[in-house]
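The structure appears right after this line, and notes come after that.
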Amino acid sequence: MHQPTPPSAADHNRPPAARPTPPFGPGGPPPPTVGAAGGEPRKAASLPPPQPRRPSDLPPVHTALICVALPGLAISPEQGQLTGRGLEGFYRAGRRVLSRCQVRVAGREPLPVHARMTAADRARFVGTLRASPEAGPDPDVVVERIRHADGTERITLHSAASRPLRLPVEVALGTDLADLGAIASGRTGPELPASVHDSGLRWTCPSGNSAVTADPPPTDALASAGLLRWEFALPPGGSASVELRVRPDAAGPVRAVGRTSATTPLAPARAAGDHPGVQPLLHTCIEDLQALLLRDPAHPTDTHLAAGAPWRCGLAPAEALAAARMTLPLGTRLAAGTLRTLARTQLTAPGPRSGMIPGPRRDAGTHLPPSCTATEATLLFPTLLAEARHWGLPEKETEELLPAAENCLTWLRTAVGDDTYLCDPHPGGPQRCETQAHAHRAALLGAELLDAYGRPGGAGLRQRATSLRTAFQRDFWIDALGGGRPAAARSPDGRLVPHLGAATAHLLDTGLLGGGQPAPGLLDKVQTEQLARLLGGPAMDSGWGLRGLGAKEAGFNPFGHRSGAVRTHETAVAVAGLIAAGYEKEANGLLRGAIAAAEAFGHRLPEMYGGQQRTDGGTPLPHPAACRPAATAAAAGVLLLTTLAGIRPDAPAGTVTLRPAAGAPLGEIVLTGLRVAGAPFSVRVGRLGLAMVEEAADGLQLGV
């Protein structure tokens with residue numbers, strides 16, 4: 001069961017009816033003012049209708065410690081006590097099964113002194129208190145709490161007193177059994193009354209139930225106050241523990257997909273090298289990806305990634321495909337599971353949408369209307385399948401998925417028709433710059449895929465790609481002093497939207513063909529060089545990564561999720577594209593900024609963060625509504641590090657080519673435990689930028 005998607009600034013995926021569509025371009029008219037009944041202008045003297053909670057009123061999550069092992073979540077404040085405020089609590093499949101868990105020892109709350117994530121699915125909180133009158137200013141009891149996303153919490157008291165202590169312990173519990181969407185929208189009710197149940201408490205309502213059991217059982221349980229009580233005798237230096245287990249009635253423990261090597265589709269890769277940040281970054285990214293794994297309920301052997309916690313703990317097709325693509329160096333099992341899951345959702349009924357992978361709309365910032373993620377997902381599907389084949393997806397699995405990829409390519413041909421550009425599917429929709437890049441890449445990689453299996457259509461797709469490339473260089477390029485720039489979009493009548501944003505980075509992401517060769521891009525050499533200069537310049541490079549919108553553009557907002565905030569995914573795409581195109585200076589600036597930001601965020605990269613300019617001694621500012629962990633952000637960390645080695649496999653041909661980043665921007669780096677052609681693969685890049693394969697599949701030859 002997927003968790004529901006609440007309305008959220010970090011969601012970006014609300015349906016069209018949930019939000020007004022911004023005008024196309026900066027000069028569009030403002031939306032009309034309507035009354036509560038809809039349609040009629042509101043009179044000046046009338047009272048405004050009640051307004052729904054705005055996205056800016058969402059409970060902030062930037063300071064929360066979020067433990068994830070889907071379908072379980074535990075969201076905690078830094079002090080550790082769950083008070084029921086905001087999003088705090090334990091969740092199971094999108095429902096809050098416990099909102100309040102407050103510990104008191106000898107009638108007092110411990111003083112919080114430490115809080116940190118110890119893994120993607122657990123956090124540790126430490127508090128202290130003075131229990132002995134003669135202890136003076138020094139605490140003599142330490143209270144440690146280990147909280148797990150699977151719904152367990154272990155509370156341990158450690159005594160440092162010089163005499164035996166008898167300590168009463170109380171845990172106050174409560175819940176509203178609210179779903180995440182209601183909590184995000186501020187529509188929760190009061191706490192439910194509890195009843196004593198087994199060795200703990202139970203709550204129930206028409207929509208569900210929850211229970212907390214304790215080991216050892218409490219000496220006293222007060223349902224009216226929601227209290228469990230114990231009294232512990234601690235000798236000098238002694239300890240005592242209580243374990244709480246929170247879950248719906250009759251539900252077993254959370255069985256997270258990625259917690260064991262037998263079930264995770266991701267290879268346990270490791271990084272080492274001169275830069276101290278590479279090892280914890282790769283480790284944390286893989287842990288976060290494992291925590292976000294979900295199974296297809298009808299086909300439990302197929303796994304895919306949820307978009308991110310806490311807001312989007314379900315399947316978002318475009319993000320799942322993009323993340324699976326960036327994690328191909330960790331193996332092809334995730335790509336295969338994602339592709340099979342989405343192939344089962346593909347629209348097949350006759351009509352203009354036949355062949356599409358359904359997906360919601362995504363906010364695109366202040367200059368453009370929301371974009372169609374179904375278009376993005378449909379174009380990513382054949383791209384991922386073609387590249388997964390080069391990384392080692394078995395031929396049988398590739399061939400089984402080929403009909404769905406053909407359907408995507410047929411939709412592309414039909415949607416473009418006799419035109420050159422792919423428009424948004426809604427009437428009057430723009431021709432987006434990044435959509436043309438996705439379409440061009442899908443055509444070229446799809447053509448190679450069709451040719452490899454003797455299917456027709458490859459030549460036609462290549463011809464379309466050539467025509468698109470010629471037209472794009474003419475129609476999407478805005479000439480200006482200083483070299484010009486690509487337009488963000490064109491309206492159906494040919495009017496250009498000139499703002500510079502991170503979406504242009506997708507023009508550099510051309511895809512991988514046979515022989516380790518990148519596919520040709522939409523821009524010519526001069527235009528590519530100009531785009532590299534723009535992306536590496538101060539308007540786009542914040543010093544912490546790539547801004548979603550240039551700092552000099554109208555409507556720039558350093559916290560705007562598509563209008564100025566740094567987006568981790570686009571930053572990694574830009575770095576990989578710039579390195580592949582040979583623009584190492586610009587790539588290195590963005591790379592070092594992203595690595596520094598990762599360190600500031602404890603190596604758990606959020607999907608976005610503030611786009612303010614980096615200053616000496618400064619730190620990147622968190623976005624209060626960003627998902628963290630997020631699938632594309634964690635996968636982007638994998639892409640950033642593996643890009644340094646420039647691994648370009650062609651498993652069907654039995655070769656792998658290395659094109660490492662020149663100049664070794666992070667010094668020596670060693671990547672072990674990757675997977676190429678279904679076998680472990682390890683590579684070392686020296687301080688001079690020379691790469692050496694240290695482990696590979698038998699028979700895999702080094703290409704040139």
Would you tell me whether Arg441 and Gln436 have side-chain atoms, one donor and one acceptor, within less than 3.5 Å of each other? no

Nearest heavy-atom neighbours spanning Leu621 and Tyr609: O-CB, 3.4 Å

Side-chain (Asp419) to main-chain (Tyr421) donor-acceptor, under 3.5 angstrom: no

Carefully, step by step, assess His506 and His438 under the rule ring pair (Phe, Tyr, Trp, His ring centres under 6.0 Å). CA-CA 8 Å; His506 293 285; His438 295 325; 5.0 Å; yes

Euclidean distance, Cys285 SG relative to Leu266 CG, rounded to 0.5 Å: 11.5 Å

Polar side-chain atom of Glu434 near backbone of Ala503 as donor-acceptor pair, under 3.5 Å: no

Please examine the side chains of Val575 and Asn588, heavy atoms only from C-beta on, and report whether any two atoms are closer than 4.5 Å. no

Determine whether a donor-acceptor pair (N or O, by modelled atom type, separation under 3.5 Å) exists between the side chain of Arg567 and the backbone of His561. yes

Is there a donor-acceptor contact under 3.5 Å from the side chain of Tyr583 to the main chain of Gly536? no

Does the pair Leu507 and Phe476 meet the rule for a side chain to side chain contact (heavy atoms under 4.5 Å, CB included), with working shown? CA-CA 12 Å; Leu507 291 170; Phe476 266 79; over 6 Å; no

Give the minimum heavy-atom separation between Ala636 and His569, together with the two atoms involved. CB-CA, 4.1 Å

I'd like to know if Arg485 pairs up with Glu553 as an ion pair, taking the criterion as any Lys NZ or Arg NE/NH1/NH2 lying under 4.0 Å from an Asp or Glu carboxylate oxygen. yes

With sequence neighbours left out, the residues meeting salt bridge (Lys or Arg N to Asp or Glu O under 4.0 Å) with Asp424 are Arg432

For Leu461 and Arg413, run side chain to side chain contact (heavy atoms under 4.5 Å, CB included): C-alpha distance rounded to whole Å, both residues' side-chain angles, the deciding distance at 0.1 Å, then the answer. CA-CA 8 Å; Leu461 286 169; Arg413 285 189 291 260; 3.6 Å; yes

For residues Leu496 and Ala487, report the shortest heavy-atom separation together with the two atoms involved. CD2-CB, 4.0 Å

Would you name the heavy atoms of Asp288 and Ala634 that are closest together and state the gap between them? CB-CB, 4.0 Å

Check: Gln612 and Phe559 side chains under 4.5 Å, non-hydrogen atoms: yes

Between His440 and Arg469, is any side-chain donor less than 3.5 angstrom from a side-chain acceptor? yes

Taking it one step at a time, do Phe381 and Thr383 satisfy side chain to side chain contact (heavy atoms under 4.5 Å, CB included)? CA-CA 5 Å; Phe381 190 101; Thr383 294; over 6 Å; no

For His390 and Glu448, test the side chains for any donor-to-acceptor distance below 3.5 angstrom and give the result as yes or no. yes

Can you name the residues that form a salt bridge (Lys or Arg N to Asp or Glu O under 4.0 Å) with Arg462, not counting sequence neighbours? Asp451

Taking the side chain as C-beta and beyond, is there a heavy-atom pair between Leu409 and Leu449 under 4.5 Å? no

Is a donor on one side and an acceptor on the other found under 3.5 Å between the side chain of Ser542 and the backbone of Gln613? no

Return the CG to CG distance between Leu328 and Leu334, rounded to the nearest 0.5 Å. 8.5 Å

Minimum heavy-atom separation for Ala306 to Ala631, with atom names? O-CB, 3.2 Å

So how far is it from Leu385 CG to Thr338 OG1, rounded to the nearest 0.5 Å? 12.0 Å

Basic-acidic side-chain contact under 4.0 Å: Arg687, Asp274: yes

Sub-4.5 Å side-chain heavy-atom contact between Pro606 and Cys627: no

Could you check whether Arg325 pairs with Glu387 (Lys NZ or Arg NE/NH1/NH2 to Asp/Glu carboxylate O, under 4.0 Å)? yes

Could you check Glu570 against Arg547 for salt bridge (charged side-chain N to carboxylate O under 4.0 Å, His left out), going step by step and ending with a plain yes or no? CA-CA 9 Å; Glu570 276 82 0; Arg547 294 185 175 99; over 6 Å; no

Without swapping roles, check the side chain of Arg614 against the backbone of Gly543 for a donor-acceptor pair under 3.5 Å. yes

Could you tell me the separation between the NE2 atom of His304 and the CG atom of Leu339, rounded to the nearest 0.5 Å? 12.5 Å

Evaluate the side chain to side chain contact (heavy atoms under 4.5 Å, CB included) criterion for residues Arg628 and His623: first the C-alpha distance (whole Å), next the side-chain angles of each, then the deciding distance (0.1 Å), finally the verdict. CA-CA 10 Å; Arg628 181 169 173 259; His623 192 292; over 6 Å; no

Between Cys372 and Pro425, is there a side-chain heavy-atom distance shorter than 4.5 Å? yes

Mind checking the CD1-CG spacing from Ile669 to Leu641? Nearest 0.5 Å is all I need. 5.0 Å

Without swapping roles, check the side chain of Thr284 against the backbone of Leu281 for a donor-acceptor pair under 3.5 Å. no

Quick check: closest heavy atoms across Leu422 and Ala415, and the distance to 0.1 Å? CD1-CB, 3.6 Å

Is Thr373 reaching over with its side chain to a backbone N or O of Glu376, donor-acceptor style, under 3.5 angstrom? no

Check: Ala324 main-chain N/O paired with Thr327 side-chain donor or acceptor under 3.5 Å: yes

Pairwise distance CE(Met540) to OG1(Thr571) - rounded to 0.5 angstrom: 8.5 Å

If only atom types and distance count, is the side chain of Thr378 paired as donor or acceptor with the main-chain N or O of Ile357 below 3.5 Å? yes

Hey, are Arg362 and Glu319 close enough for a salt bridge, meaning a charged N less than 4.0 Å from a carboxylate O? yes

Qualifying residue, where the test is side-chain contact (heavy atoms from CB on, under 4.5 Å) with Thr504 and the options are Leu523, Leu535, Leu534: Leu535

Is Met356 close to Gln346 at the side-chain level, that is, under 4.5 Å between some pair of heavy atoms? no

I want to check something: taking the side chain as every heavy atom from C-beta on, are Pro310 and Val61 in contact at a cut-off of under 4.5 Å? yes

